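Please read the structure below before turning to the comments.
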2 protein chains.
Amino acid sequence: MNTSRRIRLRDIADRLGLSTSTVSLALRNHPRIPEETTRRVMAEAQALGYIYNRAAADLRRSHSDVIAVCLNDLSNPVFNEFLTHIEDELRQQGRTVFLGVAREDRALQNVFIRSALEYGVSGLLLCPCHGTTAGDLAAALPAHLARHFPCIAFSRAIEGARIPQFVNDDLEAGRLAARHLLEAGHRRICWLGGGQSTSTARGRQQGFVETLRAAGVPAPIICHGPTSRAFGHEAASRLLAGTKPPDAFACFSDLIAFGVLHACHTLGLVPGRDVSVVGCDDMEEAAYANPPLSTVRVDKGAIGRGAATAFLRMQAGEPIAPETTVIAASFISRATIRQAPFR
Amino acid sequence: MNTSRRIRLRDIADRLGLSTSTVSLALRNHPRIPEETTRRVMAEAQALGYIYNRAAADLRRSHSDVIAVCLNDLSNPVFNEFLTHIEDELRQQGRTVFLGVAREDRALQNVFIRSALEYGVSGLLLCPCHGTTAGDLAAALPAHLARHFPCIAFSRAIEGARIPQFVNDDLEAGRLAARHLLEAGHRRICWLGGGQSTSTARGRQQGFVETLRAAGVPAPIICHGPTSRAFGHEAASRLLAGTKPPDAFACFSDLIAFGVLHACHTLGLVPGRDVSVVGCDDMEEAAYANPPLSTVRVDKGAIGRGAATAFLRMQAGEPIAPETTVIAASFISRATIRQAPFR
DNA sequence: TGGGCCAAGTCAATCGATTGACTACACTGT
DNA sequence: ACAGTGTAGTCAATCGATTGACTTGGCCCA
């Protein structure tokens with residue numbers, strides 16, 4: 001009586017003088033089992049502290065309701081916002097999420113995807129980490145699997161990958177930032193952050209740069225770096241202390257913009273008066289920044305839920321084209337952008 | 001050839017004219033299998049795009065290397081810092097993390113724990129959400145399981161739970177905040193945030209209140225609320241606009257303190273001169289706040305790694321007492337606390 | 001010639017649940 | 001009296017890997 005191994009379906013059956021078949025069906029409320037029997041089975045399961053062995057069931061059914069969700073990183077809270085929308089959608093449909101965090105490290109991302117496959121998840125929702133390529137994906141998913149293994153990327157696109165993708169209109173996001181700064185009268189505008197290793201960073205920067213160019217404004221200062229307050233602070237401090245400092249900052253991410261605000265504060269500059277600052281993402285905190293941050297809103301709900309529902313439809317057998325769905329961005333004007341034209 | 005089901009161990013065996021036993025052993029580099037055979041098996045596995053079915057293996061072995069980690073929430077990035085330390089430690093020991101986020105919702109927390117059990121995780125590391133009780137835990141884990149199912153709480157303690165717990169010295173954290181504000185000459189100090197639903201909140205507030213009382217200072221204003229910038233901003237704005245405004249804020253969390261800084265800024269008050277603000281946690285961003293935030297450092301590494309290693313030792317059969325390990329806190333002085341005595 | 005031994009590998013039961021095919025039995029109507 | 005029908009439940013193969021016990025064949029040496 002001490003070898004307390006896990007209670008099995010079999011134990012309930014024995015105690016009730018039934019077969020495992022009956023218990024199995026009863027536990028899942030099969031109509032073939034009379035109510036009275038089902039009640040007895042349920043009661044006994046409860047009494048014994050029975051825990052359903054879903055792994056065994058999945059093995060037999062050759063199918064699982066677990067879906068892998070891999071996030072590039074969580075130190076930027078905006079990705080938690082994506083996750084929330086995705087989880088809500090999937091949970092509502094009875095799915096379980098196997099969550100991984102890659103910390104912007106392709107090796108960790110691969111380890112997670114591999115684990116997920118080995119544990120038999122039925123698909124993957126991926127916000128790819130820096131530098132992820134279509135080749136990485138192909139290497140992670142054997143060809144014969146790919147056919148029946150729904151895989152969708154969100155937030156960041158993987159170029160050339162033949163899977164459905166749901167991303168923000170990053171080109172337009174960059175354009176919106178540029179357009180509003182130009183309208184505010186700025187000409188010495190600096191682009192902060194991003195780089196070339198995500199579609200998001202490339203897109204936003206390109207939209208920004210081409211809009212300035214079209215307006216005939218001299219080539220902007222571009223300063224790449226990590227997506228953190230620290231980088232925004234350091235870069236803005238340096239630039240503002242230089243000769244010919246910029247009069248506006250367009251930031252790849254709100255997080256960077258927060259750092260810029262800090263730098264302004266330290267230097268005694270008031271954002272929205274002495275200098276303009278625009279972020280991107282519109283994370284929850286942006287409205288509570290000091291002062292409230294002007295930014296380009298990314299529709300995290302539309303992207304997250306869009307990816308999740310497309311995933312579920314794919315799994316249901318609906319043919320989903322391996323195309324990239326681009327969700328519209330919008331400008332949110334708050335205190336850090338100068339309202340009146342530049343003198 | 002189109003019924004592309006998953007490749008099995010068996011498929012490799014057939015193609016090589018071997019038995020599944022041999023292939024199974026070879027794949028795990030068993031010494032009984034000659035090198036040459038192992039190489040051929042590995043090569044064939046690679047060629048076929050074989051994916052190990054860990055769920056099947058775990059079923060047979062009646063054991064899994066997956067460990068559930070359940071976080072109360074992720075919108076506060078400090079919990080991601082705990083997670084990072086825990087994951088590092090567990091991954092290093094060949095474990096896989098099954099991650100859940102409860103969003104401060106006991107129902108979601110229960111759903112996750114249940115899922116984890118059903119999928120056969122071998123233990124649980126829990127940062128309990130608001131209001132979690134020893135009873136919740138008992139209800140989630142059948143008694144017969146509890147014996148062989150390592151379960152450890154971290155960051156927040158569950159009162160009365162007979163499991164090992166790793167937490168910050170929250171009483172001392174509250175005392176440190178109070179002591180430093182008193183030393184700076186403050187007497188009208190306000191406590192912001194927390195509440196009564198986590199050990200963290202209760203402990204910090206108690207340490208704070210009892211230190212003020214011991215110093216003979218009038219009972220502080222106490223203002224409970226959610227752990228967010230928004231709450232800090234709203235509460236501080238209201239209090240500072242009132243008659244007899246506080247001259248210092250001790251905040252349950254850095255996140256709240258950030259909101260307070262924002263409120264100060266809006267009202268034209270300079271933190272560290274006109275008013276002092278102290279946070280708690282020392283999250284990564286605290287040093288980059290505007291201005292840099294004085295705070296009580298919580299040793300997230302010691303807590304996270306402590307919990308993870310205790311967990312692993314428990315699993316290895318070492319007897320770990322169901323006691324609470326309290327990790328020391330320390331005060332980090334930055335710009336938001338007045339350095340000279342109050343005039 | 002044959003016993004002993006080793007190397008390389010196979011056999012078959014097993015983990016816990018699922019499910020299509022089947023049985024046992026009671027009742028009904030003619 | 002018995003075919004027909006329905007109800008409640010059982011049988012046994014199956015999912016994919018693991019592993020202790022066993023086999024097979026080759027070789028050595030007395």
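Note on naming: letters A, B, ... go to the chains in the order of the sequence lines (proteins, then strands), and numbering restarts at 1 for each one. The model shown is predicted, which means the values in this text are computed figures rather than measured ones.
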Legend entry - Counterpart residues, ring-ring contact (aromatic ring centres under 6.0 Å, His included), relative to A:Phe98 (two or more places apart):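 Partners of A:Phe98 by the ring-ring contact (aromatic ring centres under 6.0 Å, His included) criterion, ordered by chain and then number, come out as A:Phe112, B:Phe98.
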What residues form a salt bridge (charged side-chain N to carboxylate O under 4.0 Å, His left out) with [X], not counting sequence neighbours?
{"X": "A:Asp58", "result": "A:Arg61"}
{"X": "A:Asp105", "result": "none"}
{"X": "A:Glu44", "result": "none"}
{"X": "A:Arg39", "result": "A:Glu36"}

Legend entry - salt bridge (charged side-chain N to carboxylate O under 4.0 Å, His left out): pairs with one or both residues in residues 22-33 of chain A, sequence neighbours excluded: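 Every pair satisfying salt bridge (charged side-chain N to carboxylate O under 4.0 Å, His left out) with a residue in residues 22-33 of chain A: there are none.
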Inset, instruction - Could you note down all residue pairs passing salt bridge (charged side-chain N to carboxylate O under 4.0 Å, His left out) where residues 120-146 of chain B supplies at least one of them, sequence neighbours left out? - result: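 Checked against salt bridge (charged side-chain N to carboxylate O under 4.0 Å, His left out) - neighbours excluded - the pairs reaching residues 120-146 of chain B are B:Arg106-B:Asp136.
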Would you check if there is a donor-acceptor pair between the side chains of [Y] and [X] at a distance under 3.5 Å?
{"X": "A:Glu89", "Y": "A:Thr309", "value": "no"}
{"X": "A:Ser122", "Y": "A:Gln315", "value": "yes"}
{"X": "A:Ser24", "Y": "A:Ser21", "value": "no"}
{"X": "B:Glu159", "Y": "B:Ser199", "value": "no"}

Inset, instruction - Measure the angle between the two terminal helix axes of the helix from C:dT1-D:dA30 to C:dT30-D:dA1, five base pairs each, and quote it to 10°. - result: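 The angle, to the nearest 10 degrees, is 70°.
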Legend entry - OP1 or OP2 of C:dG9 under 4.0 Å from side-chain N/O of B:Ser19: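 No.
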Inset, instruction - Using a cut-off of strictly less than 4.0 Å, decide whether B:Ser24 has a side-chain nitrogen or oxygen near OP1 or OP2 of D:dT18. - result: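 Checking B:Ser24 against D:dT18: at least one side-chain N or O falls below 4.0 Å of OP1 or OP2.
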Legend entry - Pairs flagged by side-chain hydrogen bond (donor to acceptor under 3.5 Å, both in side chains) wherever residues 317-326 of chain A is involved - sequence neighbours left out: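 Every pair satisfying side-chain hydrogen bond (donor to acceptor under 3.5 Å, both in side chains) with a residue in residues 317-326 of chain A: A:Arg313-A:Glu318.
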Legend entry - Of B:Ala56 and A:Thr22, the one whose closest DNA chain C nucleotide lies more 5':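 With B:Ala56 and A:Thr22 compared, the 5'-side residue is B:Ala56.
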Legend entry - Ion pair B:Glu118/A:Arg6, N-O distance below 4.0 Å: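 A:Arg6 and B:Glu118: not salt-bridged.
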Inset, instruction - Using a strict 4.0 Å threshold on nitrogen-to-oxygen distance, state whether A:Asp14 and A:Arg8 make a salt bridge. - result: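 A:Arg8 and A:Asp14: not salt-bridged.
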Whole-Å gap separating [atom2] ([N]) and [atom1] ([X]):
{"X": "A:Arg10", "N": "D:dC11", "atom1": "CZ", "atom2": "P", "answer": "10 Å"}
{"X": "A:Glu35", "N": "D:dT7", "atom1": "CD", "atom2": "C1'", "answer": "15 Å"}
{"X": "B:Arg60", "N": "D:dT19", "atom1": "CZ", "atom2": "P", "answer": "7 Å"}
{"X": "B:Asp58", "N": "D:dC15", "atom1": "CG", "atom2": "C1'", "answer": "15 Å"}
{"X": "B:Leu25", "N": "C:dT10", "atom1": "CG", "atom2": "P", "answer": "11 Å"}
{"X": "B:Leu59", "N": "D:dG16", "atom1": "CG", "atom2": "C1'", "answer": "9 Å"}
{"X": "A:Glu118", "N": "D:dT18", "atom1": "CD", "atom2": "P", "answer": "11 Å"}
{"X": "B:Ile7", "N": "D:dC15", "atom1": "CD1", "atom2": "P", "answer": "15 Å"}

Legend entry - Earlier contact from the 5' end, DNA chain D, for A:Thr37 and A:Thr20: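 Between the two, 5'-proximity favours A:Thr37.
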Legend entry - Neighbours of DNA chain C within residues 26-34 of chain A, by heavy-atom distance under 4.0 Å: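 Output list: A:Arg28, A:Arg32.
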Inset, instruction - Identify, residue by residue, the members of residues 46-54 of chain A with a heavy atom below 4.0 Å from DNA chain C, and return them in order of residue number, or none. - result: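 Within this stretch, A:Tyr50, A:Tyr52, A:Asn53 sit under 4.0 Å of the strand.
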Inset, instruction - Test A:Glu104 against A:Arg156 for salt bridge (Lys or Arg N to Asp or Glu O under 4.0 Å), laying out the working first. - result: CA-CA 12 Å; A:Glu104 299 297 5; A:Arg156 296 173 173 179; 2.9 Å; yes
Legend entry - Side-chain donor/acceptor contact of B:Arg61 with base of D:dT18 under 3.5 Å: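 Checked by distance alone, the answer is no.
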Legend entry - Pair of N/O donor and acceptor under 3.5 Å linking D:dT19 base with B:Ser21 side chain: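 Yes, the side chain and the base share a sub-3.5 Å donor-acceptor pair.
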Inset, instruction - Quick one: label B:Gly120 by what it contacts on the DNA or RNA (base, sugar-phosphate, nothing), any heavy atom closer than 4.0 Å. - result: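 Contact class for B:Gly120: none.
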Can you pull every protein N or O that's under 3.5 Å from an N or O on nucleotides 24-26 of chain D?
none

